[in-house]
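Quick notes on the structure that follows.
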Amino acid sequence: MLKPQEVTALLRERGFKVTPQRLAVYRALSHTTAHPNAEMLYRELQPYYPTMSLATVYKALAILCEVGLAQELNVGEDAFRYDANTATHPHVRCTCCGRVDDIMGNLDAADVEQQAAAATGYDITAHQLYFFGLCPACQNAKKH
């Protein structure tokens with residue numbers, strides 16, 4: 001997570017206006033591992049920024065993604081999720097409750113990228129890897 005001064009400098013460097021709402025969206029996103037969508041962030045920030053619109057949150061997220069402070073996740077839902085951890089890493093989504101988690105550790109996504117390049121002839125420049133299943137809480141609920 002970057003400090004507010006670093007976020008401010010990066011936004012200005014890339015030609016974007018620095019607003020309290022943009023900083024608040026980044027701060028909220030960088031303080032969670034829940035991979036929220038725009039509406040979740042909007043609901044969280046609404047009590048502190050009552051005049052902020054959902055469109056403002058969407059715009060802030062688009063800018064954060066553009067400058068490399070966030071990544072957009074398409075985990076097969078109606079809305080994109082967002083992650084402030086921009087390092088390349090896979091995600092897993094619970095098909096029951098919708099929870100999204102990071103997969104960190106020794107999963108070698110680079111190997112998958114190399115295999116994809118070899119199989120297609122593409123020069124792979126980026127990838128997103130998603131897994132789907134039941135989270136521990138939903139597995140437990142199904143047992144009872």
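Atoms considered below: every heavy atom in the structure, side chains included; atoms not considered: hydrogens, waters and symmetry mates.
Thr32 contributes no side-chain N or O that, together with a main-chain N or O of Leu29, makes up a donor-acceptor pair within less than 3.5 Å. For the pair Arg22 (side chain) and Ala60 (backbone), a donor-acceptor distance under 3.5 Å is absent. With His35 contributing its side chain and Val100 its backbone, the two residues share a donor-acceptor pair below 3.5 Å. The main-chain N or O of Leu2 is found under 3.5 Å from a side-chain atom of Tyr26 such that the two form a donor-acceptor pair. At least one donor-acceptor pair closer than 3.5 Å links the side chain of Asp83 to the backbone N or O of Asn85. Remark: side-chain polar atoms of Thr56 are not paired, donor with acceptor, to backbone N or O of Met52 under 3.5 angstrom.
Here the shortest heavy-atom pairing between Pro4 and Leu23 reads O-CD2, 4.5 Å. Between Ser53 and Tyr42, the shortest heavy-atom distance links the atoms C-CE1, 3.6 Å. Between Pro20 and Tyr49, the shortest heavy-atom distance links the atoms O-OH, 3.9 Å. Ala116 and Ile124 get closest at one heavy-atom pair: CB-CD1, 4.4 Å. The minimum heavy-atom distance linking Ala126 with Glu113 is given by the pair C-OE1, 4.4 Å. The two residues Met1 and Ser30 come nearest to each other via the heavy atoms SD-OG, 3.1 Å.
Leu10 CG to Arg14 CZ: the interatomic distance, rounded to the nearest 0.5 Å, is 6.5 Å. Summarising the geometry, atom SG belonging to Cys96 is positioned 6.0 Å from atom NZ belonging to Lys142; distances are rounded to the nearest 0.5 Å. Going from atom CG of Asp123 over to atom OG1 of Thr125 covers 7.0 Å, rounded to the nearest 0.5 Å. Annotation: the span from Thr8 atom OG1 to Glu13 atom CD amounts to 12.0 Å, rounded to 0.5 Å. Within the model, atoms CD of Glu39 and CD of Gln46 stand 12.0 Å from one another, a figure rounded to the nearest 0.5 Å.
A side-chain donor-acceptor contact under 3.5 Å links Glu72 and Tyr82. Side-chain polar atoms of Gln128 and Tyr130 form a donor-acceptor pair below 3.5 angstrom. In this structure, a donor-acceptor pair under 3.5 Å is absent between the side chains of Asp101 and His91.
With a 4.5 Å cut-off on side-chain heavy atoms, Cys97 and Cys135 count as touching. A 4.5 Å side-chain heavy-atom check between Ile103 and His89 finds every atom pair outside the cut-off. You'll find the side chain of Arg99 stays beyond 4.5 Å of the side chain of Arg93, heavy atoms only.
Linking ILVMFWY side-chain heavy atoms closer than 4.5 Å, directly or via other members, places Leu54 and Leu45 in a single hydrophobic cluster. Follow the hydrophobic side-chain contacts under 4.5 Å out from Leu69 and you never reach Met40; the two are in separate clusters. When hydrophobic clusters are built by joining Ile, Leu, Val, Met, Phe, Trp and Tyr residues whose side-chain heavy atoms come closer than 4.5 Å, directly or via intermediates, Leu73 is not grouped with Leu64. Grouping the Ile, Leu, Val, Met, Phe, Trp and Tyr side chains by contacts below 4.5 angstrom, directly or via other members, places Ile63 with Val18.
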### Query
Checking side chain to side chain contact (heavy atoms under 4.5 Å, CB included) for the pair Phe132/Val92: CA distance, chi angles, key distance, verdict?
CA-CA 5 Å; Phe132 301 90; Val92 60; over 6 Å; no
### Message
Go through it in stages, so that I can follow the logic: the residues are Leu11 and Lys17, the test is side chain to side chain contact (heavy atoms under 4.5 Å, CB included), and I'd like the CA-CA distance, side-chain angles, deciding distance and then a yes or no.
### Response
CA-CA 7 Å; Leu11 288 170; Lys17 191 171 153 185; over 6 Å; no
